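Counting starts at 1 for both ligands and their atoms, in listed order. This one's a predicted model, so the numbers in the text were calculated from it and none came from an experiment. Starting from 1, each residue takes its place in the sequence as its number.
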Amino acid sequence: MTDSNRFQAIISHSKEYGFIFPSSEIYDGLGAVYDYGQWGSELKKNIRDHWWKSMTQMHENIVGIDAAIFMHPTTWKASGHVENFSDPMIDNKDSNKRYRVDHLIEAKAEEMASENREDEAHALIHDMEQLLAKDDFDGLKKLIINQNIQCPIGKSANWTDIRQFNLMFSTQMGSVTDDADTIYLRPETAQGIFVNFLNVQKTGRMKIPFGIAQTGKAFRNEIVARQFIFRMREFEQMEMQFFVRPGTQMEWYEYWKAERMKWHLSLGVQAGRYRFHDHVKLAHYADAACDIEYDFPIGFKEVEGIHSRTDYDLRRHQEFSKKKLQYFDTEINQNYIPYVVETSIGLDRTVMMILSETFLEEDLSTDEKNDSRVVLKLPPMLAPIKLAILPLTKKDGLPDIARSIMNDCKSFFRCFYEEKDTIGKRYRRMDAIGTPFCVTVDHQSKEDNTVTIRYRDTMLQERIPIDTIKNLVSQSIIS
Ligand code: ATP
């Protein structure tokens, strides 16, 4: 299967099995906005919980908060988003389509690479990064013209000049529609942490170094919004800001790079599918930054950013709010504005990464018959359902035994009870949504209190005592 077919197969599978639907689909959907269905919302929640636990429960010096999406408008002036949160865009005069300049050039580089022109592709990306770093829009336009980059839709190279386009959504608060009431939907969750820095530090009696973690929705008016849940206009972030003594930020930056990679590997993703990408053009607030990229079916792309943000944000909020945002370090007897190392991961991109990693179409054909199955080989801790309980028939007291297993287990982990269809069909449905364990209750269960457990990945089956099921599943899902 080609990568593009595989990507389409994952999108179709996500819809068919209740993971992800286009938003307001009965009205033909809304661009780059998606809804999570019954199993997608469980998968997403399990990833979020795993992240939250790894940050807050496993690090004694990190606490979590839940700040509002709406923030005082000055927040976004102080953070630099009103002025700088924009992407260079170019319009095609024939098709009237607008593109992000980096996306257009990257697509050209991908095309070159697919034609075995790897060296040219690398050179093109290198040139683009150099020009972006200098905000050299004339140079970028020349690059587009010289490379004869065409509009993917109209196939023409009739381009406008390059301009900046702000990505924040704005709305009005209250009834008066003057400027003072214009507020933004937050484009990142981080600022909710910065403005609460002192609240948390003081009330939690936190000592530097310490971190504040948060998960929540963020909104960006992405111009080229495509590629399924990779680039959405409404999405969810999981961010952690780690406050450190000035001068120690590079040590912590390296620490968090290693720590975050460990977390990624704990998801069961193969190490070879990740790579670090150092930023050439640093954001206005950063003194070091890199991305963790995953090898999606659409190529290596960013899942998480790790940024050393200096004291930029706290300093700016101090300036704009006129409130001191400082910390008195008793170890060195000094007052200072802490430096910040942040880890920022997209929850939806992580869902897409996990689906890409675990979606498999397996050929099970033998000499006797053709057979295949679609399976999501999710780590048990992430699976929407952990255990399916399947009575072989609807009679002879088998449903009663199955129900009692269900009652025994359901307060410990998510179970699913099903009587309908053949056992084979029920197994396949569970494979398709990634359920790691199925137990079948049959007539022998009445005799000796055992069931057949079937393991999703190996499809092996064995008999185990009913009273061992709960423990076996519970052990497998500890994160
Ligand atoms: P990109 O370069 O892909 O636009 P970014 O560098 O602007 O991403 P950050 O501002 O560092 O992204 O945001 C942190 C994380 O939030 C990203 O690593 C990504 O996982 C996620 N994210 C950002 N924008 C989107 C989006 N439009 N849809 C889904 N997730 C997103």
Side-chain angles (χ1 to χ4, degrees), residues 20 23 30-36 40 44 47-48 51 76 79-81 84-89 99-107 125 128-129 132 164-169 185-193 213-241 256-257 260-261 263-264 267 274-286 288-294 296 298-309 312-313 340-356:
I20 298 160
S23 156
L30 181 66
V33 186
Y34 288 88
D35 296 339
Y36 285 80
K44 191 175 167 195
I47 295 173
R48 189 196 294 114
W51 182 89
W76 305 110
S79 69
H81 281 82
N84 291 317
F85 193 57
S86 48
D87 282 326
M89 301 283 177
Y99 297 95
R100 248 174 78 170
V101 167
D102 56 337
H103 288 169
L104 209 56
I105 298 175
E106 276 165 15
I125 295 291
M128 173 187 82
E129 286 182 339
L132 280 172
Q164 294 280 19
F165 182 90
N166 196 294
L167 298 179
M168 281 196 294
F169 283 102
L185 297 186
R186 66 181 178 196
E188 62 175 27
T189 57
Q191 298 304 324
I193 291 179
Q214 170 166 233
T215 70
K217 288 277 173 112
F219 304 83
R220 296 183 187 179
N221 196 3
E222 301 279 4
I223 288 305
V224 186
R226 56 193 158 95
Q227 300 170 327
F228 194 38
I229 55 170
F230 182 81
R231 188 170 300 287
M232 302 156 89
R233 295 197 165 107
E234 172 180 344
F235 58 100
E236 197 166 333
Q237 288 186 315
M238 306 190 286
E239 296 198 296
M240 193 279 300
Q241 267 68 38
W256 281 108
K257 273 174 76 171
R260 292 306 300 147
M261 188 50 89
W263 184 84
H264 278 273
L267 300 172
Y274 285 117
R275 71 180 187 199
F276 281 108
H277 171 81
D278 290 323
H279 287 200
V280 175
K281 180 181 180 183
L282 291 173
H284 56 278
Y285 50 74
C290 68
D291 299 331
I292 295 179
E293 295 184 340
Y294 171 78
F296 288 99
I298 49 173
F300 267 104
K301 304 243 176 238
E302 169 180 347
V303 188
E304 171 156 12
I306 300 166
H307 312 128
S308 173
R309 286 178 85 127
Y312 176 84
D313 302 85
V340 172
V341 175
E342 87 169 352
T343 71
S344 173
I345 179 168
L347 178 50
D348 311 272
R349 280 193 197 173
T350 311
V351 170
M352 186 163 132
M353 174 177 83
I354 293 297
L355 290 173
S356 307

Checklist entry - With a 3.5 Å cut-off and no angle check, do the side chains of Gln191 and His81 form a donor-acceptor pair? => result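 Per modelled atom types, Gln191 and His81 side chains form no pair under 3.5 Å.
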Checklist entry - Parallel under 30°, tilted from 30 to 60°, perpendicular over 60°: which one fits the rings of Tyr294 and Phe296? => result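 Tyr294 vs Phe296 ring planes: perpendicular.
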Checklist entry - With the threshold set at 4.0 Å, does a side-chain nitrogen-carboxylate oxygen contact exist between Glu239 and Arg309? => result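 Judged by the 4.0 Å cut-off on N to carboxylate O distance, Glu239 and Arg309 do not form a salt bridge.
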Checklist entry - Considering only heavy atoms, which protein residues lie less than 4.0 Å from any atom of ligand 1? => result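 Those residues closer than 4.0 Å to ligand 1 by some heavy atom are Arg100, Arg220, Glu222, Phe230, Arg231, Met232, Phe235, Gln237, Glu302, Val303, Glu304, Gly305, His307, Ser344, Gly346, Arg349.
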Checklist entry - What residues form a side chain to side chain contact (heavy atoms under 4.5 Å, CB included) with Ser23, not counting sequence neighbours? => result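 Side chain to side chain contact (heavy atoms under 4.5 Å, CB included) check on Ser23 returns Leu30, Val33, Asp35.
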Item to check | Arg186: salt bridge (Lys or Arg N to Asp or Glu O under 4.0 Å) partners, not counting sequence neighbours | outcome: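 Salt bridge (Lys or Arg N to Asp or Glu O under 4.0 Å) list for Arg186, sorted by chain: empty.
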Item to check | Residues in salt bridge (Lys or Arg N to Asp or Glu O under 4.0 Å) contact with Glu302, at least two apart in sequence or another chain | outcome: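 Salt bridge (Lys or Arg N to Asp or Glu O under 4.0 Å) list for Glu302, sorted by chain: empty.
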